[in-house]
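Okay, structure first, notes after.
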Amino acid sequence: MPELPEVETVRLGLAPVLEGRRILRVEARRGDLRVPFPERFAERLEGRRVQRLTRRAKYLLAGFDDGGEMLLMHLGMSGRMVVDGAGGIGGWRAPVAHDHVVIETDAGTRITFNDARRFGLMTLIAPGDVPAHPLLRGLGPEPLGDGFTAPALEAALAGRSASIKAALLDQRIVAGLGNIYACESLFRAGLSPRRRAGTVRGARARRLVAAIREVLAEAIAAGGSSLRDHVRPSGELGYFQHRFAVYGREGAGCPGCRCDPARGGGVRRIVQAGRSTFYCPVRQR
DNA sequence: AACAAGACCTGCATGC
DNA sequence: TGCATGCAGGTCTTGT
């Protein structure tokens, strides 16, 4: 499901439910996700009060007011967080397939992590280890942060012969883009996904940085994209998918030019690094 | 070092 | 209907 805007949407949905609340009970309903749960995972969380829920790239990180180890989470491809409460007529929602972790708070709410494909993970990490943790240390700048500038992007891409599309999916270059927003950002910047990454310099780099920031900010404002199964913790759908210019629109006319699908124009789908890329060959160079 | 391909896992849509 | 195939929002590992 999730790229940066979806993860940020999940964070915004979970923060009011978790921050300031004490975790009463944690249930890990299986031994592992993408990685095994740490020893005594539940016990190491129970009784502690969440201070802040933050995001780094596509990771969520819960910090506690005791300053102790933090909960690090990744939603993988199909992970979602579902919030419910005991207050309703039916009480707790009954567990369904792929409900892997249930967290109960002292506010009477429950957060369930559901992940069919199990590419997601939950683990514990000491606050001091955050920058050097193997899962986090290689991550590039936050695309919406001050560190993501055209000169910085240009430097990260310098000399790279891989396609710019593949480079944008490399979390060391910039952290948080996935397949959808890489495609959408390149469209908005007018850059061909097949262009060698090292040739994105100067005005092109400036356009790409601006496009990435705009696309991500607009997607967050729209509550992310709801394809297939992604919903917000509240159950609401995001709606940015209605604004896709190219993603999933093979054969459709591109919104930026007059290329005619009936005459072989329009949005094209190719495969790069094993992933679908959607783009307009006329508008993107 | 950088890159491409394969692996991980399940569900769904499509076509025969 | 059943079965095979290909595809899906990610990232880690392997091999060149």
Side-chain angles (χ1 to χ4, degrees), chain A residues 1-11 29-36 55-60 72-81 96-100 113-123 133-140 143 155-186 193-199 212 215-216 219-220 222-233 237-244 246-251 269-278:
Chain A
M1 127 181 104
E3 301 180 34
L4 186 152
E6 289 73 40
V7 178
E8 180 64 13
T9 299
V10 169
R11 188 188 74 78
R29 298 166 45 94
R30 50 175 296 128
D32 66 309
L33 294 170
R34 197 176 89 206
V35 299
R55 180 189 55 73
R56 170 74 173 111
K58 300 171 194 169
Y59 289 90
L60 291 171
L72 181 68
M73 299 170 273
H74 194 288
L75 301 175
M77 202 88 131
S78 54
R80 352 173 208 177
M81 297 285 186
V96 298
H98 313 303
D99 279 356
H100 302 311
F113 178 62
N114 180 290
D115 183 11
R117 296 176 74 178
R118 303 205 307 275
F119 289 169
L121 66 86
M122 281 197 192
T123 194
H133 191 277
L135 292 169
L136 304 176
R137 71 180 162 213
L139 293 171
L157 297 176
R160 294 215 163 220
S161 62
S163 68
I164 184 64
K165 163 73 185 317
L168 291 182
L169 294 180
D170 184 340
Q171 303 296 297
R172 295 169 301 181
I173 304 279
V174 54
L177 290 186
N179 206 33
I180 293 176
Y181 298 104
C183 291
E184 292 297 313
S185 298
L186 286 167
R194 314 170 64 153
R195 170 181 284 280
R196 291 161 68 103
T199 69
I212 288 169
V215 166
L216 294 180
I220 291 169
S225 302
S226 291
L227 298 188
R228 287 172 276 284
D229 55 0
H230 170 62
V231 291
R232 312 207 225 175
L237 298 175
Y239 48 91
F240 191 74
Q241 67 277 9
H242 301 303
R243 308 238 292 268
F244 291 166
V246 286
Y247 184 84
R249 303 190 69 240
E250 181 180 17
R269 173 183 174 271
I270 60 174
V271 175
Q272 294 179 291
R275 321 280 312 266
S276 287
T277 297
F278 300 89

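The sequence lines fix the lettering, A, B, ..., with proteins before strands; numbering per chain opens at 1.
- Regarding contacts with the backbone of C:dA8, a side-chain N or O of A:Ser276 is found under 4.0 angstrom from either OP1 or OP2.
- Atom P of nucleotide C:dG6 and atom CZ of A:Arg269 are separated by 12 Å, given to the nearest angstrom.
- Looking only at side-chain heavy atoms (C-beta outward), A:His98 and A:Asn114 come within less than 4.5 Å of each other.
- More than 12 heavy atoms of other shown residues, nucleotides or ligands fall within 6.0 angstrom of atom CZ in A:Arg30.
- With salt bridges taken as basic N to acidic carboxylate O contacts below 4.0 Å, none links A:Arg117 and A:Asp115.
- At a threshold of 4.0 angstrom between heavy atoms, the contacts of A:Ala273 with the nucleic acid are absent.
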Subject >> Protein proximity profile, nucleotides 11-16 of chain C - base contact B, sugar-phosphate-only contact S, no contact -, cut-off 4.0 Å on heavy atoms >> reply: BS----
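- You'll find the side chain of A:Arg80 stays beyond 4.5 Å of the side chain of A:Val10, heavy atoms only.
- With values rounded to the nearest 0.5 angstrom, A:Lys165 atom NZ is found 8.5 Å from A:Phe278 atom CZ.
- In the 5' to 3' direction, nucleotides of DNA chain B lying under 4.0 Å from heavy atoms of chain A begin and end at B:dC3 to B:dG11.
- Separating the P atom of B:dA5 from that of C:dC7 is a span of 15 Å, rounded to the nearest Å.
- In this structure, A:Asp170 atom CG and C:dG10 atom P are separated by 13 Å, rounded to whole Å.
- Side-chain atoms of A:Ser225 and A:Tyr181, non-hydrogen and from C-beta on, do get closer than 4.5 Å to each other.
- Here the side chains of A:Pro143 and A:Leu4 are in contact, with some heavy-atom distance below 4.5 Å.
- Counted within 6.0 Å of CZ on A:Arg194, heavy atoms from surrounding residues, nucleotides or ligands total 12 or fewer; the atom is thus considered open.
- Contact check for A:Arg196 versus A:Ser161: side-chain heavy atoms found under the 4.5 Å cut-off.
- For the pair A:Asn179 and A:Ser276, the tightest heavy-atom approach, listed with the atom from each and the gap, is ND2-O, 3.0 Å.
- In this structure, the CD atom of A:Gln272 is 13 Å from the P atom of C:dA8, given to the nearest Å.
- Looking only at side-chain heavy atoms (C-beta outward), A:Phe113 and A:Met73 stay at 4.5 Å or farther from each other.
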Original post:
Pairs counted as Watson-Crick or G-U wobble with both distances under 3.5 Å: what dot-bracket string results for DNA chain B, using | for bases tied to another strand?
Top reply: .|||||||.|||||||
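- Here the C1' atom of nucleotide C:dG10 and the OH atom of A:Tyr181 are 15 Å apart, to the nearest Å.
- Residue A:Gly178 is in sugar-phosphate contact alone, with no base atom involved, counting any heavy-atom pair closer than 4.0 Å across all strands shown.
- C:dG9 atom C1' lies 13 Å from atom CZ of A:Arg80, rounded to whole Å.
- Put simply, CG on A:Leu139 is 13 Å from C1' on C:dG10, counting in whole angstrom units.
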